[in-house]
Participant: 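The following block contains the structure, expressed as structure tokens.
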Amino acid sequence: MMDNKLMREFIEFEGLSDQLVEFNDDDDKDDDDPTFKPVNASNLNSAELYHEMEKRHLKTTGFPDIDKELLQRSFDDEFQRDYEEAKQRRRELRRKNAQQASLMKRRMLMERSLQEEQDELSNNIQLSMMIEYVKDNMIGRLDNIPIDDPATPIINNTLSNGSLRLEINSITARSLAKAMWTNTTITSLDLSTNELDDHAGIYI
């Protein structure tokens with residue numbers, strides 16, 4: 001199951017929260033059914049005319065042509081209400097579908113991004129361990145790190161009094177940035193000469 005907190009953070013840092021769901025009200029025009037029209041009162045016989053007027057609490061005038069005009073106005077009003085309600089239901093359904101499609105797209109982007117990070121870190125065990133230590137606030141507390149830990153050499157070479165230097169790329173930079181969100185022990189981070197792209201810079 002997708003981590004909702006992680007999803008919110010991903011949306012924020014990717015700038016997806018500012019993207020509007022693609023939805024066009026003009027699409028309603030494409031759904032208009034030319035056969036959907038109000039009932040034509042002039043086609044009703046006397047019995048049907050009386051029945052429809054009685055249903056709507058309309059009083060007959062005794063003149064069929066006038067009664068049909070009165071009933072037609074009622075038919076037109078009912079049709080307009082039904083038409084607007086149906087259009088509103090279609091619009092709401094289209095909006096929900098667009099939101100769902102947008103959410104699925106964001107999930108796919110997030111999963112792809114996480115997979116990229118996992119693949120990169122799997123190729124660099126030392127960096128992977130180092131990022132875990134950053135996340136767990138173990139940097140600056142070397143006594144908590146085993147001597148034979150794979151990350152020990154990189155820690156000894158890059159850490160001094162809360163200052164940290166790492167060799168990373170634009171993908172692992174995202175993993176490091178997430179680890180830094182909860183870190184309180186690193187006072188200086190040197191990422192110079194890593195040639196990170198702007199996207200990685202947003203995370204950092």
Side-chain angles (χ1 to χ4, degrees), residues 1-25 27 91-204:
M1 184 175 181
M2 185 66 67
D3 187 322
N4 290 333
K5 181 175 182 294
L6 190 58
M7 171 62 85
R8 289 194 298 271
E9 291 171 346
F10 175 77
I11 290 173
E12 178 182 353
F13 276 85
E14 292 291 331
L16 298 177
S17 58
D18 296 330
Q19 295 182 6
L20 297 177
V21 175
E22 295 182 3
F23 174 69
N24 189 355
D25 282 340
D27 291 341
R91 185 181 297 115
E92 182 64 18
L93 179 60
R94 189 174 288 110
R95 184 188 65 81
K96 289 181 178 179
N97 289 340
Q99 286 183 331
Q100 185 65 24
S102 177
L103 178 60
M104 290 298 296
K105 181 178 179 181
R106 292 174 182 180
R107 286 181 182 275
M108 290 176 62
L109 288 172
M110 177 181 171
E111 290 171 357
R112 185 176 66 186
S113 176
L114 291 176
Q115 189 61 53
E116 286 178 346
E117 294 169 28
Q118 291 173 6
D119 291 344
E120 284 292 319
L121 291 176
S122 67
N123 295 325
N124 191 333
I125 301 301
Q126 286 188 339
L127 180 59
S128 177
M129 294 294 295
M130 190 64 162
I131 289 176
E132 285 299 314
Y133 288 142
V134 170
K135 180 179 179 181
D136 295 336
N137 269 316
M138 294 182 68
I139 304 300
R141 296 183 295 175
L142 298 182
D143 55 317
N144 291 331
I145 302 177
I147 298 299
D148 59 349
D149 191 287
T152 299
I154 195 172
I155 290 175
N156 290 336
N157 291 332
T158 60
L159 181 65
S160 176
N161 299 323
S163 298
L164 179 65
R165 168 165 178 74
L166 289 175
E167 297 293 334
I168 59 176
N169 58 31
S170 294
I171 296 177
T172 52
R174 301 197 302 254
S175 298
L176 174 62
K178 295 170 188 174
M180 290 291 293
W181 295 345
T182 56
N183 183 274
T184 58
T185 58
I186 295 177
T187 58
S188 176
L189 179 63
D190 183 2
L191 299 178
S192 59
T193 72
N194 277 304
E195 298 184 357
L196 304 179
D197 60 25
D198 292 339
H199 190 223
I202 293 174
Y203 273 82
I204 297 297

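Note that the structure is predicted; figures quoted are calculated from it, not measured.
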Participant: Please confirm whether the backbone N or O of R107 pairs with a side-chain atom of R112, one donor and one acceptor, at under 3.5 Å?
Facilitator: no

Participant: Checking T182 side chain against K135 main chain: does a donor-acceptor pair fall under 3.5 Å?
Facilitator: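 The answer is yes, because a donor-acceptor pair under 3.5 Å joins these two groups.
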
Participant: How close do I125 and S122 get, counting heavy atoms only, and between which atoms?
Facilitator: CD1-O, 3.9 Å

Participant: Using modelled atom types and a 3.5 Å cut-off, is there a donor and acceptor pairing between side-chain atoms of N183 and backbone atoms of V134?
Facilitator: yes

Participant: Report the distance from atom CG of L196 to atom CZ of R174, rounding to the nearest 0.5 Å.
Facilitator: 11.5 Å

Participant: When rounded to the nearest 0.5 angstrom, what distance separates CG in L166 from CG in D190?
Facilitator: 9.0 Å

Participant: Please round to the nearest 0.5 Å and tell me the distance separating atom CD of E116 and atom CG of N169.
Facilitator: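 Those atoms lie 10.0 Å apart.
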
Participant: Distance check, rounded to the nearest 0.5 Å: Q118 atom CD versus N123 atom CG?
Facilitator: 12.0 Å

Participant: Taking the side chain as C-beta and beyond, is there a heavy-atom pair between L121 and S175 under 4.5 Å?
Facilitator: yes

Participant: Drop me the distance from M180's CE to L189's CG, to the nearest 0.5 angstrom.
Facilitator: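 So the CE of M180 and the CG of L189 are separated by 5.0 Å.
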
Participant: For the residue pair T193 and R165, confirm or rule out a side-chain donor-acceptor distance under 3.5 Å.
Facilitator: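 There is such a pair (donor and acceptor under 3.5 Å, judged by atom type) between the side chains of T193 and R165.
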
Participant: Main chain of L191, side chain of N194: is a donor-acceptor contact present, judged purely on distance under 3.5 Å?
Facilitator: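 Flag set: sc N194 to bb L191 pair under 3.5 Å.
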
Participant: Looking at N124 and T172, would you say the former's side chain and the latter's main chain have a donor-acceptor pair under 3.5 Å?
Facilitator: no

Participant: Only one of L127, I168, I171 forms a side-chain contact (heavy atoms from CB on, under 4.5 Å) with E120, so which one is it?
Facilitator: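 Among L127, I168, I171, the one meeting side-chain contact (heavy atoms from CB on, under 4.5 Å) with E120 is I171.
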
Participant: Are the side chain of S170 and the backbone N or O of A200 linked by a donor-acceptor pair below 3.5 Å?
Facilitator: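 Absent.
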
Participant: Using a strict cut-off of less than 4.0 Å between a Lys/Arg side-chain nitrogen and an Asp/Glu carboxylate oxygen, indicate whether E92 and R95 qualify as a salt bridge.
Facilitator: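 Yes, this pair counts.
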
Participant: What distance separates T184 OG1 from N137 CG, expressed to the nearest 0.5 Å?
Facilitator: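 The CG atom of N137 is 3.5 Å from OG1 of T184, to the nearest 0.5 Å.
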
Participant: Counting only heavy atoms not in D198 (residues, nucleotides, ligands), do more than 12 fall under 6.0 Å from its CG?
Facilitator: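 No, not enclosed.
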
